[in-house]
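The block underneath contains the structure these notes are about, expressed in structure tokens.
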Amino acid sequence: GENVEQHPSTLSVQEGDSAVIKCTYSDSASNYFPWYKQELGKRPQLIIDIRSNVGEKKDQRIAVTLNKTAKHFSLHITETQPEDSAVYFCAASITGTASKLTFGTGTRLQVTL
Amino acid sequence: EAQVTQNPRYLITVTGKKLTVTCSQNMNHEYMSWYRQDPGLGLRQIYYSMNVEVTDKGDVPEGYKVSRKEKRNFPLILESPSPNQTSLYFCASTDRPDGETQYFGPGTRLLVL
């Protein structure tokens with residue numbers, strides 16, 4: 001089955017700096033890659049996603065890049081703010097596999113003032 | 001309001017005492033899943049369901065059962081809970097077969113003594 005590895009497990013940046021979280025996946029058939037943000041004590045919420053026919057997607061301060069050849073994808077957050085502090089999860093799935101999402105182990109991002 | 005609800009939100013029980021965690025969604029979603037979240041392990045899928053009476057195992061199904069008799073409900077059953085099932089459980093639903101845009105419930109924190 002699919003295996004998703006995520007790095008780093010913790011990340012501390014100063015407010016205004018950029019943060020990058022990286023994930024690799026094992027199944028070359030995977031074609032949908034979402035990122036979820038989980039604030040302390042809250043449920044995970046989708047913040048951005050990308051499909052395998054796109055190399056990059058951007059939404060304001062967040063962007064995701066995908067390298068299908070290398071089987072890795074990354075989340076980029078620019079101009080970080082304290083409210084970006086949370087745990088971020090990447091995930092991978094294959095279209096048509098009926099909601100079979102495999103998650104990474106998470107990255108705890110701390111944005112310091 | 002579109003939502004996924006879970007009950008109970010917190011539960012302390014003892015080894016071997018059967019319990020059920022309910023999950024209900026009001027969005028008419030076909031696909032529903034159960035995940036457990038443990039520190040350092042991320043979100044791991046327990047079971048998922050593609051429609052009424054159609055369920056399949058996720059990555060960590062041992063010790064759990066599910067049923068999908070109605071489209072809106074997807075209860076998680078622990079027939080004989082053990083301490084290693086102490087965890088934070090999330091139910092999720094989506095109307096997309098590739099797992100896109102999962103809506104998560106608020107979570108159920110379970111402690112098995």
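What's counted below: heavy atoms across the whole structure, side chains too, no hydrogens, waters or symmetry copies. Chain letters run A, B, ... following the sequence lines, proteins first and then strands; every chain starts at 1.
Between the side chains of Glu2(A) and Ser26(A), at least one donor-acceptor pair of N or O atoms lies under 3.5 Å. Remark: the Glu70(B) side chain and the Asn73(B) side chain contain an N/O donor-acceptor pair separated by less than 3.5 Å.
Interface residue Gln38(A): only side-chain heavy atoms are found under 4.5 Å from chain B. Heavy atoms closer than 4.5 Å to chain A are found in both the backbone and the side chain of Leu43(B). Heavy atoms closer than 4.5 Å to chain A are found nowhere in Val54(B), neither backbone nor side chain. Using a 4.5 Å cut-off between heavy atoms, Gln37(B) touches chain A through its side chain atoms alone.
No donor-acceptor pair closer than 3.5 Å links the side chain of Glu39(A) to the backbone N or O of Ala86(A).
Taking the six-membered ring for Trp, Phe103(A) and Tyr35(B) have ring centres closer than 6.0 Å.
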> What do the steps show when you test His72(A) against Thr24(A) for side chain to side chain donor-acceptor pair (under 3.5 Å), and what is the final call?
Replying inline: CA-CA 4 Å; His72(A) 68 70; Thr24(A) 60; over 6 Å; no
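Identified by a heavy-atom distance below 4.5 Å to chain A, the contributing residues of residues 104-113 of chain B are Phe104(B), Gly105(B), Pro106(B), in residue-number order.
The distance from the CZ atom of Arg43(A) to the CG atom of Leu88(B) is 11.5 Å, given to the nearest 0.5 Å. A distance of 8.0 Å separates CD in Glu30(B) from CG in Asp95(B), rounded to the nearest 0.5 Å.
Apart from Trp35(A) itself, the hydrophobic cluster it occupies contains Val4(A), Leu11(A), Val13(A), Ile21(A), Tyr25(A), Phe33(A), Ile47(A), Ile48(A), Ile50(A), Val54(A), Ile62(A), Val64(A), Leu66(A), Phe73(A), Leu75(A), Ile77(A), Tyr88(A), Leu109(A), Val111(A), where clustering links Ile, Leu, Val, Met, Phe, Trp and Tyr at side-chain heavy-atom distances under 4.5 Å.
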